[in-house]
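All remarks here apply to the structure that follows.
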Amino acid sequence: MARLIDVRNLRFRYEDGAAALNGVDFRLEEGEAVALFGANGSGKTTFVMHLNGLLAGEGSVEVCGLAVDRQTIPAIRRKIGLVFQDSESQLFMPTVLEDVAFGPLNLGMSSEQAAARAHAALATVGMAAAASRAPYHLSAGEKKRVAIAGILAMDPEILVLDEPTTFLDPPGQRALAGLLADLPQAKILVTHNIPFALATCNRAVFFQGGVIAAEGSVEEMVSRFGWDFTPDPSKLNRRQRA
Amino acid sequence: MHHVVLERWSRGASALHRRDPRAKLGALVVFLVVAATAHRALPALAAALLALLSAAVISAGIPLAGALGRAALVLPFTAVFGGACWLAGDPARGLALVLKSYLSALAVLLVVSTTSLPALLRGLETAGAPRYLLMVAQFLYRYLFVISEEAQHMSKAAASRGATFRGLAARARFRGAAGALAVLFARSYGRAEDIHRAMLARGFPGHFRTLDTLHFGRGDAVFLALASFAPVVARAAVERFARWPA
């Protein structure tokens, strides 16, 4: 199994002096789907932004055998597709088709090739009929699908999704989990959503204070860190139990 | 979800909607030149041009009363200058100002309401309009409603905690509004940073590449010729036969 991401001793401090990452070591193998758990501010999003060079800290980050630096960033951004938490910020072009074609055009494809890629990606996420619509006319679930299509159109080897279930209702979350399960790429999911992580990931790591405090199966991380909020039946009152 | 009326109109399927935006922009420029440079028999010419525009509005499937009403939004501004001319003893100039501005607004409205904004911006870009100006227009159009919704959320959040301007002194009102604007600006700035990150993550090289979706066909050329010819002929005919003085 090929190693896709190899991060060693990654450290990062924001301009205001706040230390966000304090020595993160992380590996991602081909075919894996890894959930990143951790409290707000524990460094999860800061970490994933290092994977395609949006932030640059100390330590080493390698993606598909390439060290992330200024020279390799264009190549690395072809290999890692980052889906942001708020799809509203990711869908900035006037129509869905133009938005999905944005990445392929930046890869140097012709208009025809980029349009073909965009149509194929939209079909993959079940949004082919929305090609000519304006992004702001879509529902939250549709926006998320289109945002994923925008990444798939670049044919990445790794998908990184930051809080993918934000703004999605349960049917939308279920549909997204089904979609992700069908995609062949390795995945990293930053999430607080335990059922979603259980449905989509085969490994989990737990961030705490800017480091990875533990890793293992999703079930193991959830129980070890008390990360599930399913109510304890013994603490429910009689009416709730009924 | 907000839908601008003009945007809803622009998603029609009439023959006018299907024309290449460059053909419509070319015809618009001709119309504006014809209207702006007219000086003889202006009321009659205005009536003729209004009839032309009204026919185009109806053929595009746009409600005529709605279009005429929206074009009248320019009148309060030009009426001020028209009134000033009237008071200065030059009512003809005041009337010309009002008529020309109204017809120009209606013509622009017709083009905007029969062309989607992406197509319009593409048309302007290929016609040589500054790319960065168009990029700003595109982002403004895309995020204006998002920012407006954020402002509404802030307003509701403040109201739900009992905030009210009623009974406040002007200075306190100003301070409250300035504070809200500052927060809105900070949020918009944060949004802009997120958008920029999302663009970089998809390989944005610093300049926009867009799909070539415009095709200027024979039908567009015929439309451009006819639509440009019509106001010129109308003006020539009116100036030749109308009995109104200049």
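Note that the coordinates shown come from a computational prediction; the quantities given were computed from them, not determined experimentally. Letters A, B, ... are given to chains in the order of the sequence lines, protein chains preceding strands, and every chain is numbered from 1.
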Give, as side chain, backbone, both or neither, the part of B:L117 having an atom under 4.5 angstrom from any heavy atom of chain A.
neither
Flag if over 12 foreign heavy atoms under 6.0 Å of CD, A:E58:
no
Filtered by a 4.5 Å non-hydrogen cutoff, the part of residues 196-204 of chain B contacting chain A is B:R197, B:A198, B:M199, B:L200, B:A201, B:R202, B:G203, B:F204
Is the closest side-chain heavy-atom distance between B:R11 and A:R133 below 4.5 Å?
no
Pairs of heavy atoms under 4.5 Å with chain B: top-ranked of A:T95, A:N52, A:L105
A:L105
Excluding sequence neighbours, so at least two apart, what forms ring pair (Phe, Tyr, Trp, His ring centres under 6.0 Å) with A:Y14?
A:F12
So which part of A:D162 gets closer than 4.5 Å to some heavy atom of chain B, the side chain, the backbone, both or neither?
neither
Please flag which part of A:A115 lies under 4.5 Å from any non-hydrogen atom of chain B: side chain, backbone, both or neither.
both
Side chain, backbone, both or neither: which part of A:L91 has a heavy atom under 4.5 Å from chain B?
both
Portion of A:M49 that has a non-hydrogen atom of chain B nearer than 4.5 angstrom
side chain
Proximity breakdown for A:F84 and chain B, heavy-atom pairs closer than 4.5 Å:
side chain
How many angstroms lie between atom CD1 of B:I195 and atom CD of A:E88, to the nearest 0.5 angstrom?
8.5 Å
